Amino acid sequence: MWGILSKEVNLFLSSYIGYIAMGVFLLFTGAWIWIFPGIGILDGGFATMRPFFDNAPIVFLFLIPAITMRAFAEEKQAGTIELLATKPVSDLGIVLGKFFACWLLVVVALVPTLIYVFSVYQLGYPVGNIDLGAVAGSYLGLIFLGGAFVAIGLFSSSLTNNQIIAFILAMLLCFIVFLAFDMLSGLPILSGRGDSFVQNLGILHHYESISRGLLDTRDVIYFISVVVFFILLTKTSLERRKW
Amino acid sequence: MSVQVSHLVKTYGAQRAVDDVSFEAQKGQVLGFLGPNGAGKSTTMKVVTGFLPPSSGSVKVCGIDPETDPMAVRKKIGYLPEHNPLYLDMYVREYLEFVGKLHKVSKLGDRIEAMIEQVGLTREANKRIQALSKGYRQRVGLAQSMLHDPEVLILDEPTSGLDPNQLAGIREMIQELGKTKTVILSTHIMQEVQAVCDRVLIINQGKLVADDSIAGLQDRISGESVVVIELDRPIDMTFIEAIKGVQRIERQADTTYRVFADPSVDIRKGLFKLAVEKDRVLLGMSRETYSVEEVFRQLTAG
């Protein structure tokens with residue numbers, strides 16, 4: 001697993017994928033919360049990171065599928081998957097190596113945004129008038145959400161040898177898991193009869209719950225389950241060649 | 001026995017890509033896998049490496065079944081897949097380091113340098129793989145397969161894309177390796193088999209049609225010798241048939257005949273005398289010997 005992990009990280013660093021992904025993430029979220037009028041922190045009147053944490057998952061929705069799309073699709077296209085699968089690494093090891101490499105990139109992309117926290121902290125009146133617990137919780141939520149998106153993206157990539165299909169599929173799946181359940185729960189037919197169950201299936205509900213700064217084991221278990229579920233699906237999908 | 005394949009069948013849907021193939025490969029032997037395109041060579045190799053499971057039949061590598069203990073088999077095998085897949089955006093050393101780490105090779109740095117020298121990559125070792133020509137990429141693939149000093153080497157068309165000088169070097173290297181390891185290589189280049197292999201397996205449409213040494217294969221069809229003669233004017237073929245030892249005749253052109261005869265009799269004297277007797281000028285006479293190529297064609301035709 002470590003061999004695969006370091007190979008993937010090296011690739012991010014040597015092929016600009018890593019820098020571009022981080023750059024785009026910072027550009028989008030930065031522009032959103034500091035520059036665009038009417039929606040940002042400066043126009044909000046409160047010392048809060050809320051606009052950032054509302055916006056970041058949407059950026060992830062596009063960006064993470066772009067990071068993960070090549071993971072397996074490219075290996076299949078180039079035939080290198082045959083090379084990997086005949087080396088002494090298990091299929092699960094391959095999947096985990098790629099998962100942690102992509103996740104690491106997502107987490108590293110979040111690090112520079114701590115400057116935003118510092119800025120908002122300084123802008124508060126009085127200085128420091130900001131709910132740091134909620135900020136910490138939200139970061140944790142973003143990290144979990146990033147992990148879930150990465151797992152979904154890897155699964156999509158394992159289904160095809162076409163990177164564009166992998167990208168679109170990953171975006172669709174991320175959208176469904178992130179938002180669609182939440183939206184569906186608003187259907188009148190579900191009202192009072194399973195709407196909260198449907199809502200609980202989606203990421204958004206758990207992300208918002210963690211964002212409040214209250215670490216509930218149910219939310220943590222939810223995120224871990226989503227990641228494990230899609231990692232196992234990816235492993236199964238890799239083993240399709242044996243069917 | 002290093003590699004044991006018995007009654008291997010691999011089906012893709014309705015197609016039987018490999019159909020009841022059995023063979024054994026021993027240590028200290030280079031086994032050549034010969035067959036036309038699509039014969040099932042690569043599929044057999046993929047099953048032996050454990051990349052694909054067999055539909056039925058069994059494979060044992062150093063006594064281990066790749067299905068039950070894939071990790072143990074992967075450690076023992078060095079594999080160069082068909083088309084030599086590589087990570088093109090890696091540097092040569094970086095790539096070998098990656099493969100070496102997967103195999104947990106000890107003293108990896110020294111081993112990589114030794115390997116680079118052995119396959120003749122020294123001049124190109126600081127480049128990205130995508131900047132290398134096909135022949136050099138092939139060497140990177142070979143280096144990768146031998147890096148962990150495996151007991152069994154499985155090379156799917158190892159010499160494709162090499163120029164004649166490189167070809168000789170790589171063949172020599174494979175032969176050298178074959179002295180201490182089990183080497184299975186596939187190719188459709190006949191000269192390669194004659195130059196490198198101790199034993200040949202010929203496979204056609206998924207079926208094994210021959211498993212023999214080079215000499216054995218040549219003997220197989222030397223049940224008759226062939227003499228081609230060219231005369232200045234046509235001759236009645238019954239006169240040729242009358243010569244002692246002649247079995248049959250094929251007319252290749254107006255005045256050119258292929259005469260098949262019992263190999264224990266030299267019919268050339270008889271042919272010469274006949275020409276003189278019938279007042280024909282003998283423009284040419286040559287004896288054909290069978291090459292592996294012909295054996296191959298005979299066994300895989302149709």
Side-chain angles (χ1 to χ4, degrees), chain A residues 1-21 67 69-98 100-102 105 157-158 161-163 235-243, chain B residues 10-13 42-43 45-55 61 66-67 69-91 93-105 108 128-130 140-141 144-145 147-148 150 152 154 156:
Chain A
M1 188 193 98
W2 294 108
I4 308 273
L5 178 88
S6 75
K7 170 200 154 245
E8 295 289 313
V9 169
N10 279 338
L11 182 80
F12 287 145
L13 298 180
S14 69
S15 69
Y16 307 111
I17 296 174
Y19 307 113
I20 288 176
I67 294 172
M69 69 179 187
R70 44 157 293 283
F72 291 104
E74 194 183 41
E75 303 254 14
K76 286 183 172 189
Q77 182 72 41
T80 44
I81 192 74
E82 192 171 340
L83 212 64
L84 279 188
T86 49
K87 297 272 174 269
V89 217
S90 64
D91 288 351
L92 187 64
I94 296 173
V95 179
L96 287 179
K98 289 189 181 265
F100 283 116
C102 294
L105 178 64
S157 184
S158 74
N161 55 14
N162 182 320
Q163 296 195 33
K235 175 179 168 283
T236 312
S237 158
L238 277 188
E239 284 164 354
R240 270 185 310 164
R241 66 169 191 271
K242 298 187 171 176
W243 295 353
Chain B
K10 179 72 194 173
T11 52
Y12 292 117
S42 295
T43 307
M45 291 186 148
K46 281 177 199 200
V47 175
V48 173
T49 57
F51 181 67
L52 295 175
S55 302
V61 178
E67 283 297 281
D69 194 352
M71 288 302 146
V73 169
R74 291 178 198 187
K75 280 178 194 159
K76 290 187 186 296
I77 282 184
Y79 177 40
L80 175 68
E82 195 184 10
H83 309 310
N84 185 25
L86 293 165
Y87 294 105
L88 296 181
D89 37 17
M90 282 190 173
Y91 289 89
R93 281 200 178 81
E94 182 191 6
Y95 175 62
L96 293 178
E97 207 169 295
F98 165 61
V99 173
K101 276 184 188 158
L102 292 184
H103 276 293
K104 301 191 175 73
V105 175
L108 184 56
R128 262 185 207 245
I129 295 174
Q130 64 188 4
V140 177
Q144 165 273 127
S145 68
L147 192 62
H148 57 296
V152 179
I154 296 184
D156 203 344

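In this text the structure is predicted, and so the values were computed from the model without any measurement. In what follows, chains carry the letters A, B, and so on, assigned in the order in which the sequence lines appear, proteins first and then strands, with residues in each chain numbered from 1.
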So for B:Phe51, is it side chain, backbone, both, or neither that comes closer than 4.5 Å to the heavy atoms of chain A?
both
Residue part contacting chain A, namely of B:Lys46, when any heavy atom lies under 4.5 Å
side chain
Surrounding NZ of B:Lys76 (heavy atoms of other residues, nucleotides or ligands, distance under 6.0 Å), is the total greater than 12?
no
Does a side-chain N-to-carboxylate-O contact under 4.0 Å join B:Glu97 and A:Lys7?
no
Do the non-hydrogen side-chain atoms of B:Tyr12 and B:Thr43 ever get within less than 4.5 Å of each other?
yes
Do the side chains of A:Val95 and A:Phe72 get nearer than 4.5 Å, heavy atoms only?
yes
Does any non-hydrogen side-chain atom of B:Val47 lie less than 4.5 Å from one of B:Met45?
no
Atom group of A:Glu74 that falls short of 4.5 Å from chain B, counting heavy atoms
neither
pair A:Arg70-A:Glu8: side-chain heavy atoms closer than 4.5 Å
yes
Please list, in residue-number order, every residue in residues 77-87 of chain B that has a heavy atom less than 4.5 Å from any heavy atom of chain A; write 'none' if there are none.
B:Tyr79, B:Pro81, B:Pro85, B:Leu86, B:Tyr87
Select, from A:Gly79, A:Pro88, A:Ser14, A:Ser15, the one with the greatest count of heavy-atom pairs under 4.5 Å involving chain B.
A:Pro88
Between B:Lys75, B:His148, B:His103, B:Met90, which has the largest tally of heavy atom pairs under 4.5 Å with chain A?
B:His103
Is B:Arg74 reaching over with its side chain to a backbone N or O of A:Ala85, donor-acceptor style, under 3.5 angstrom?
yes
Distance-only side-chain donor-acceptor flag, B:Thr49 / A:Thr86, under 3.5 Å:
no
